[in-house]
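Numbers restart at 1 for each chain; the letters A, B, ... are given by sequence-line order, proteins then strands. Below, all heavy atoms of this structure are taken into account, side chains as well, without hydrogens, waters or symmetry copies.
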Amino acid sequence: MKTIQINKATQQFLQVQPAHSSFSNLRKTGLEILEQEGLPHIKEEEYKFTSISRKIEQQIQDYRSASSVKLSADQVSEALFSDFEGDIIVFNNGRFEPSLSRVSDEGYTISTLSEAASALLGTIANPEADPFIALNNLFFEDGIFLKVPKGSLVQKPIFLLHFNQAQEGQAIHARVLIEVEDQAEVTLLENTISLDEAAYFSNTVTEVKVGSNAHAHYYRLQNENKQAIVTNNFVTDIHRSATFTTVATQLSGDMLRNNLSLNLLESGCEGNMYGLYLLNGKTHVDNHTNVDHTKPHADSNELYKGILADSSRGVFNGKIFVRQDAQKTNAFQQNNNILLSEDAIINTKPQLEIWADDVKCSHGCTTGQLDEEALFYLQARGIGKDQARGLLLYAFAGEVLDHIAYEPFKAYCIEMVQERLGTQF
Amino acid sequence: MLSIKNLHASIEGTPILRGINLEVKPGEVHAIMGPNGSGKSTLASVLAGREEYEVTDGSVDFLGKDLLDLAPEDRAREGVFLAFQYPVEIPGVSSTNFLRTAVNQVREYRGLEPLDAVKFLSEMKEKMKLVEIDQKLLSRALNEGFSGGEKKRNEIFQMAMLEPKLSILDETDSGLDIDALRVVSNGVNKLKSNENATIVVTHYQRLLDYIVPDYVHVLYKGRIVKSGTKELALELEEKGYDWIKEEVDAAV
Ligand SMILES: Nc1ncnc2c1ncn2[C@@H]1O[C@H](COP(=O)(O)OP(=O)(O)OP(=O)(O)O)[C@@H](O)[C@H]1O
Ligand SMILES: [Mg+2]
């Protein structure tokens with residue numbers, strides 16, 4: 001057996017672990033994994049560009065979970081965007097805040113994980129796949145279970161809104177379970193608001209099941225404060241003829257690690273992953289995506305694009321796994337980056353493992369600078385340099401946002417992106 | 001209108017323009033011809049403000065302003081238009097949005113009100129007729145996937161929209177079939193007036209049957225080595241450049 005040096009971050013977490021949990025099985029496996037493996041150490045292949053344990057050790061003073069903070073209805077409404085009419089599910093430092101949420105229950109139900117006692121919980125996100133899932137298993141106190149029953153078409157999107165503020169850098173462990181039953185449809189939105197500029201460590205696990213012929217869209221914005229350390233573990237099981245699409249826009253944070261996994265479990269299903277990262281300052285964003293084709297005739301599409309300024313750093317790792325059974329798979333992956341500064345870094349790596357022989361699979365990545373020829377062309381037509389740059393960068397970025405099918409949220413993201421491109425870059 | 005004096009420019013330390021002198025007055029058409037690599041596009045690019053080129057000597061006066069002192073966008077706003085030899089494809093930027101931004105920024109610079117959507121569209125329709133450009137083309141991303149001829153037509157369309165005082169057409173005729181050539185030159189001729197001037201860079205006399213030049217200049221090794229009237233173009237068509245090259249090289 002290999003001996004592993006358990007790092008300081010792990011030790012600290014183990015010291016303050018809760019004594020019991022309503023989810024004792026999850027807690028137990030989480031604890032075992034952490035005691036054996038620990039959080040990723042520096043040489044860990046999967047985390048080699050993103051030394052998040054060290055980041056936690058440097059920034060986090062208090063490894064206990066942050067308790068809820070004072071939060072007002074005004075703060076919640078300020079976080080909404082124009083034309084939004086759907087329901088709101090508010091989290092306060094990772095805890096469900098029913099009094100500030102707006103839950104109509106129209107076409108879906110919501111309950112706490114402890115009330116729901118769903119057998120699904122913990123079966124989609126495998127703690128052995130990533131120690132941060134194990135960490136969340138050990139620490140989460142409760143969470144929400146959102147269920148869209150069979151055949152239900154939820155008309156308005158549901159907005160998951162996280163408010164984070166931790167004293168002296170504490171940890172926040174949110175947990176979400178979403179079940180979209182057969183033939184149902186839903187659009188989910190997610191945003192995280194940092195209530196102040198202080199550091200915290202947020203470690204979220206979201207499990208999603210998309211049943212047969214069901215359709216789910218998940219659009220998320222990550223725009224946390226410049227100190228935030230975030231690990232986001234998002235795992236989706238997609239069943240027969242179902243589709244799942246996620247579009248993530250990442251704008252800020254100190255160090256963000258997104259582990260996004262789509263499991264295409266039955267034939268005829270489709271998983272789409274789109275991401276846009278606009279980074280500046282010292283922000284470090286690592287997107288590790290994983291799509292697992294297990295059965296024939298399933299499709300996956302992936303497009304991640306990044307614009308990196310200052311001394312920001314991006315990591316893209318796209319794993320496509322096509323199992324022997326998964327004939328007639330179509331899997332496409334693309335990662336394109338523009339570096340605006342000599343100090344910005346991108347590490348991009350496609351990782352294809354294909355065991356079936358009849359598949360269409362393609363991947364590509366590009367990294368370049370802003371196209372100077374194009375810039376000159378626009379200027380030569382009288383367009384000012386800054387605006388020309390903005391136009392070109394937006395043209396590059398817009399391709400990702402075009403996949404947001406819910407217009408008001410798309411407009412909101414576009415506004416944020418354009419503001420960023422106009423001012424900061 | 002345009003007065004170029006002893007213009008020297010180099011790229012990455014290599015001198016390309018070695019003392020260009022040229023005077024262009026309102027209402028005139030000047031043709032610039034010359035062998036490949038003689039510096040024609042370089043001259044056009046330097047006038048338009050391309051930053052890769054370093055001007056090492058000389059001056060360019062445009063309507064009383066020091067042109068070399070202006071940013072590329074301000075040159076355009078002052079009324080210089082370059083139709084690119086190789087127009088750039090810009091995916092993701094819609095032709096219409098681009099043009100509207102350009103037109104309104106130019107108008108703003110000239111102290112005019114921006115065109116609203118309706119006025120802009122009607123303006124566009126009118127100018128589209130002039131160069132017989134298809135509406136479908138303009139609903140696409142700028143130049144993306146356009147054929148060579150479509151790109152050239154689009155250049156002239158943009159010129160029509162921006163109403164420049166000095167247009168520099170860099171081989172706008174290259175790659176055009178005779179019908180397209182007729183359409184494009186018709187467009188250019190209709191836009192011509194006593195107030196504006198045109199510099200056409202070309203390899204082919206054929207264009208000059210349509211856009212008749214007042215002067216023809218031969219550029220060779222970064223200098224204008226011969227100037228004449230439109231008859232010079234005919235002579236070049238017939239005899240090629242060798243006799244000029246010999247004359248020049250013998251003199252050195
Ligand atoms: N980026 C560059 N680096 C080095 N040399 C260059 C560069 N761009 C142009 N040149 C050189 O400058 C010279 C002039 O080029 P230019 O494009 O101005 O010629 P041209 O007269 O327009 O030719 P053509 O008729 O082929 O269009 C050529 O020798 C060319 O190789
Ligand atoms: Mg040329």
Quiz item: Which of the residues Gly92(B), Pro72(B), Ala141(B) is involved in the greatest number of heavy-atom pairs with chain A at under 4.5 angstrom?
Solution: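 Among Gly92(B), Pro72(B), Ala141(B), the one with the most close pairs to chain A is Pro72(B).
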
Self-check item: Non-hydrogen atoms of Ala76(B) and Gly382(A) that approach each other most closely
Solution: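 Ala76(B) and Gly382(A) have their closest heavy atoms at CB-N, 3.4 Å.
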
Polar pairs (donor with acceptor) under 3.5 Å from chain A to chain B:
unit_1    : atom_1 : unit_2    : atom_2 : d
Glu373(A) : OE1    : Arg50(B)  : NH2    : 3.4
Glu373(A) : OE2    : Arg50(B)  : NH2    : 2.9
Tyr377(A) : OH     : Asn143(B) : ND2    : 3.3
Tyr377(A) : OH     : Glu155(B) : OE2    : 2.3
Tyr377(A) : OH     : Gln158(B) : OE1    : 3.4
Tyr377(A) : OH     : Gln158(B) : NE2    : 3.2
Gln379(A) : NE2    : Glu73(B)  : OE1    : 2.7
Arg381(A) : NE     : Gln158(B) : OE1    : 2.5
Arg381(A) : NH1    : Leu82(B)  : O      : 2.9
Arg381(A) : NH2    : Leu82(B)  : O      : 2.9
Arg381(A) : NH2    : Glu155(B) : OE1    : 2.6
Gly382(A) : O      : Arg77(B)  : NE     : 2.9
Gly382(A) : O      : Arg77(B)  : NH2    : 3.1
Gly384(A) : N      : Gln105(B) : OE1    : 2.8
Lys385(A) : N      : Glu73(B)  : OE2    : 3.1
Gln387(A) : OE1    : Gln105(B) : NE2    : 2.4

Quiz prompt | Ile90(B) CD1 to Leu391(A) CG distance, which is reported to the nearest 0.5 Å | solution =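 Going from the CD1 atom of Ile90(B) to the CG atom of Leu391(A) covers 8.5 Å.
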
Self-check item: Leu99(B) versus chain A, the contacting section by heavy-atom distance below 4.5 Å
Solution: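 Neither part.
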
Quiz item: At a heavy-atom separation under 4.5 Å, does Pro87(B) approach chain A through its side chain, its backbone, both, or neither?
Solution: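 For Pro87(B), heavy atoms of backbone and side chain both lie under 4.5 Å from chain A.
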
Quiz item: Out of Ala374(A), Gly384(A), Ala388(A), which one racks up the most heavy-atom pairs below 4.5 Å with chain B?
Solution: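 The answer is Gly384(A).
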
Quiz item: Taking it one step at a time, do Phe376(A) and Val88(B) satisfy side-chain contact (heavy atoms from CB on, under 4.5 Å)?
Solution: CA-CA 9 Å; Phe376(A) 177 67; Val88(B) 186; over 6 Å; no

